[in-house]
Amino acid sequence: MKIDAVSIFPDYFAPLQLSLLGKASDAGIVDFHIHDLRAFASDNHHAVDDTPYGGGAGMVMLPEIWGLALDRLMVDETDLIILTPAGKRFDQLMAARLSSASHLVFACGRYEGIDDRVRQHYSSDQYSKRNIRVHEVSIGDYVLGGGEVASLVMIEAITRLLPGVLGNPESLSEESHNEDGYLEYPNFTKPSTWRDISVPEILLSGNHGEIAKWRAEAAKQRAADNL
């Protein structure tokens, strides 16, 4: 999978070289490329934003700058992800769908966001005919300073689903959040008693059938408790 990210703060993406993501990159499973949006600005100040039409607080990111940055990245079979609090909520099902993509491009907006004509342009027929898909995505009902952190969240959730990324692929079969919407059961390890709190006896019994039942009930209770 190839992943491009466009940002005015490319250093935000340094964590992509760490842990599982770094190993996946070294192994050639994922090909990361980070692009500095300001490199496409032509004025002396490398401006990427201007005041909004119609008035209002804040600044809006310029469509021309984004167009110059994105045009060179839009190849056939590309999923363009525009991070915005107004987008569709990211979840495990979306992560699974995007993990089958061949090329992801993350557009990391800042200030009051990216001029909406960028979304409209890359959603037009000339791009859809090339199987270029545009997604407006939010990672939650809150506002961040920009799309970089949200992109990192999505990239980690998506890439860990790729074959070869996790050391033990069986880990995917018992996720904290799976595509059916269930939460993972509580987990415990040694010692069996810690600070006067004991591991549930059933987990020490060796009865795998009863353990499976306990875990299913514990997962349901955990979901109810966290509503």
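All residue numbers in this chain count up from 1 along the given sequence.
- For the pair S198 and T193, the tightest heavy-atom approach, listed with the atom from each and the gap, is OG-OG1, 3.1 Å.
- The two residues F9 and S7 have their closest heavy-atom pair at N-OG, 2.7 Å.
- Proximity of P200 to W214: side-chain heavy atoms (C-beta onward) are separated by under 4.5 Å at one or more points.
- Evaluation of the ring-ring contact (aromatic ring centres under 6.0 Å, His included) rule for Y122 yields Y127 as partners, not counting sequence neighbours.
- In the hydrophobic cluster analysis, where Ile, Leu, Val, Met, Phe, Trp and Tyr join through side-chain heavy atoms closer than 4.5 angstrom, L166 is grouped apart from L18.
- Remark: the backbone N or O of E77 is paired with a side-chain donor or acceptor of S102 at under 3.5 angstrom.
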Assess the residue pair K2 and D31 against the criterion (salt bridge (Lys or Arg N to Asp or Glu O under 4.0 Å)); give the C-alpha distance rounded to whole Å, side-chain angles, the decisive distance to 0.1 Å, and a yes or no. CA-CA 5 Å; K2 182 179 179 182; D31 185 18; 5.5 Å; no
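- At least one donor-acceptor pair closer than 3.5 Å links the side chain of S99 to the backbone N or O of A96.
- Placement of L83 and V60 in two distinct hydrophobic clusters is found when ILVMFWY residues are connected by side-chain heavy-atom separations under 4.5 Å, directly or transitively.
- When the salt bridge (charged side-chain N to carboxylate O under 4.0 Å, His left out) test is applied to R97, no partner is found at least two apart in sequence or on another chain.
- One finds the CD atom of E217 at 12.5 Å from the CD1 atom of I202 (value rounded to the nearest 0.5 Å).
- Within a 6.0 Å radius of CD in E156, no more than 12 heavy atoms belonging to other residues, nucleotides or ligands are found.
- Salt bridge annotation for E148-R110: present, with a cationic side-chain nitrogen under 4.0 angstrom from a carboxylate oxygen.
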Using side chain to side chain contact (heavy atoms under 4.5 Å, CB included), reason through L203 and R215 one step at a time and then give a plain yes or no. CA-CA 9 Å; L203 299 180; R215 284 175 167 171; 4.3 Å; yes
Residues L37, M61; criterion side chain to side chain contact (heavy atoms under 4.5 Å, CB included); working and verdict: CA-CA 10 Å; L37 182 67; M61 301 192 88; 3.5 Å; yes
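- Nearest heavy atom pair, residue A41 against residue I65, reads CA-CD1, 3.7 Å.
- With contacts defined as side-chain heavy-atom distances shorter than 4.5 Å, the pair I81/V134 does not qualify.
- Ion pair D115/R117 flagged as a salt bridge, since at least one NZ, NE, NH1 or NH2 atom sits closer than 4.0 Å to an Asp/Glu carboxylate oxygen.
- At distances below 3.5 Å, at least one donor-acceptor pair connects side-chain atoms of S123 with backbone N or O atoms of R119.
- With hydrogens and angles ignored, the 3.5 Å screen pairs a side-chain donor or acceptor of T84 with a backbone N or O of A86.
- With hydrophobic clusters built from ILVMFWY side chains whose heavy atoms lie under 4.5 angstrom apart, F32 does not share a cluster with V75.
- The existence of a salt bridge linking R222 and D225 is excluded, since no basic side-chain nitrogen approaches an acidic carboxylate oxygen closer than 4.0 Å.
- Here the side chains of I3 and T159 are in contact, with some heavy-atom distance below 4.5 Å.
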Counting only pairs under 3.5 Å, give me each side-chain donor-acceptor contact of residues 49-57, with atom names and distances, residues two or more places apart or in other chains.
none

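- Contact annotation: the side chain of T78 approaches that of V105 to within less than 4.5 Å [non-hydrogen atoms, C-beta and beyond].
- Between the CG atom in D71 and the CZ atom in F40 there is a gap of 9.5 Å [rounded to 0.5 Å].
- In the hydrophobic clustering of this structure, V149 groups with V6; members are Ile, Leu, Val, Met, Phe, Trp, Tyr whose side-chain heavy atoms approach within less than 4.5 Å, directly or through other members.
- Minimum interatomic distance between L70 and V118 (heavy atoms only, all atoms of both residues): CD1-CG1, 3.9 Å.
- For the atom pair I114 CD1 and I82 CD1, the distance stands at 5.5 Å (nearest 0.5 Å).
- Inter-residue side-chain proximity for K88 and M94 is flagged as met; some heavy-atom pair is nearer than 4.5 Å.
- Side-chain contact between V137 and M154 is present, with at least one heavy-atom pair separated by less than 4.5 Å.
- Here the side chains of L161 and Q92 are in contact, with some heavy-atom distance below 4.5 Å.
- Atom-to-atom distance recorded for L144:CG and C108:SG is 11.0 Å, nearest 0.5 angstrom.
- Residues F188 and Y185 do not share a hydrophobic cluster, clusters being chains of Ile/Leu/Val/Met/Phe/Trp/Tyr side chains in contact below 4.5 Å.
- Minimum heavy-atom separation, R72 to A69: CG-O, 3.3 Å.
- Within 6.0 Å of the OH atom in Y12, the count of heavy atoms belonging to other residues, nucleotides or ligands does not exceed 12.
- Atom CZ of residue F90 and atom CD1 of residue I139 lie 9.0 Å apart, to the nearest 0.5 angstrom.
- Defined by atom type and a distance below 3.5 Å, a donor-acceptor pair is present between the side-chain atoms of D4 and H103.
- Between the CG atom of L73 and the NE2 atom of H35 there is a distance of 4.5 Å, given to the nearest 0.5 Å.
- The backbone N or O of G147 sits less than 3.5 Å from a side-chain atom of S151, completing a donor-acceptor pair.
- The shortest non-hydrogen separation linking M1 to L98 is CE-O, 3.4 Å.
- The 12-atom threshold is not exceeded at CD of E201, counting heavy atoms of other residues, nucleotides or ligands nearer than 6.0 Å.
- The shortest distance between side-chain heavy atoms of D141 and R89 falls below 4.5 Å.
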Might you work through the side chain to side chain contact (heavy atoms under 4.5 Å, CB included) test for Q126 and I132, ending with a clear yes or no? CA-CA 9 Å; Q126 64 172 308; I132 292 174; over 6 Å; no
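- Comment: D79 engages R133 in a salt bridge, judged by a side-chain N to carboxylate O separation of less than 4.0 angstrom.
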Please evaluate residues V48 and Y111 with respect to the criterion side chain to side chain contact (heavy atoms under 4.5 Å, CB included), reporting the C-alpha separation (whole Å), side-chain torsions for both, the decisive distance (0.1 Å), and the verdict. CA-CA 10 Å; V48 296; Y111 316 123; 4.2 Å; yes
